[in-house]
Amino acid sequence: MLTFALSKGRLAEMTMRRFAETGLDCGEMQKPSRKLVFTNEAQQTRFFLAKPSDVPTYVEHGAADLGVAGKDTLLEEQRDLYEVYDFKFGCCKMIVAYAARGGDSPLKDLPSSLRVATKYPDIAANYFHERGVTAEIIKLNGSVELAPLVGLADVIVDITETGSTIKENGLVIFDEIMPLSARLIVNRVSMKLKYERITELIQKLKKKT
Ligand code: PRP
């Protein structure tokens, strides 16, 4: 049995479509239900959807042999696993942004300290540490763009895809930290024990690129 942990939300549908192209059938997952684990006995596969930030945890611990997660999550989580393939979908950017209020940018001349709201505390802390800025990191779990609008933080570190959330809330991008996309990740032991099936899947994915 080969077990896959997929990220709920934006990446889920694209992942299932891409897997279907390689012959992996996880179609049952697309039907609305509260079921959590989907087994395809004929193909000897099992799929489950997890919160994106939990996918690397399932894979590192071997509860899933493989997973699909955003590079943002992988950089933040720093788990012990193999990252084997870039799907090149789910493309977005990690950015630093602030609320435009007519006055000076809170990042003008890089001040010595800043309040930073983010879902990515390690990435944000590293970014400001490398620039010699003392950052008070405020961890949020969603709608990060709200923080500078209501005075919780001076700036945000977050991902942007279409740019519409930034634009519609009057935020300004100060810096683009890195481009991001969805990656295939593999448990280290599974890579050894299920080497043939896993490499066959990677080859199929590469052929379709
Ligand atoms: C992400 C991100 C931004 C938004 C950007 O949040 O944190 O808030 O998408 O997308 P855009 O550039 O296309 O407007 P997500 O929708 O995943 O959910 P969240 O706000 O609950 O974290």
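Everything quoted here is computed from the prediction, not taken from an experiment. One-based numbering, in listed order, for ligands and for the atoms of each.
- Hydrophobic clustering, with ILVMFWY side chains joined whenever heavy atoms are under 4.5 angstrom apart, groups V116 together with I123.
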Contacts table for residues 136-150: side-chain donor-acceptor under 3.5 angstrom, sequence neighbours left out:
from, atom 1, to, atom 2, distance (Å)
K139, NZ, N141, OD1, 3.0

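- Pocket lining of ligand 1, defined as residues with a non-hydrogen atom under 4.0 Å away: R10, K119, G142, S143, E145, D158, I159, T160, E161, T162, G163, S164, T165.
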*Are R197 and Q44 close enough, and set up right, to give a side-chain contact (heavy atoms from CB on, under 4.5 Å), and what steps lead you there?*
CA-CA 11 Å; R197 284 193 76 187; Q44 284 293 290; 3.8 Å; yes

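- The ring of F4 has its center closer than 6.0 angstrom to the ring center of F47.
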Under 3.5 Å, sequence neighbours excluded: what are the donor-acceptor pairs made by side chains of residues 151-161?
from, atom 1, to, atom 2, distance (Å)
D154, OD1, R115, NH2, 3.2
D154, OD2, R115, N, 2.7
T160, OG1, G163, N, 3.3
E161, OE1, R10, NH1, 2.3

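- Through direct or relayed side-chain contacts under 4.5 Å between Ile, Leu, Val, Met, Phe, Trp and Tyr, Y195 connects to no other residue.
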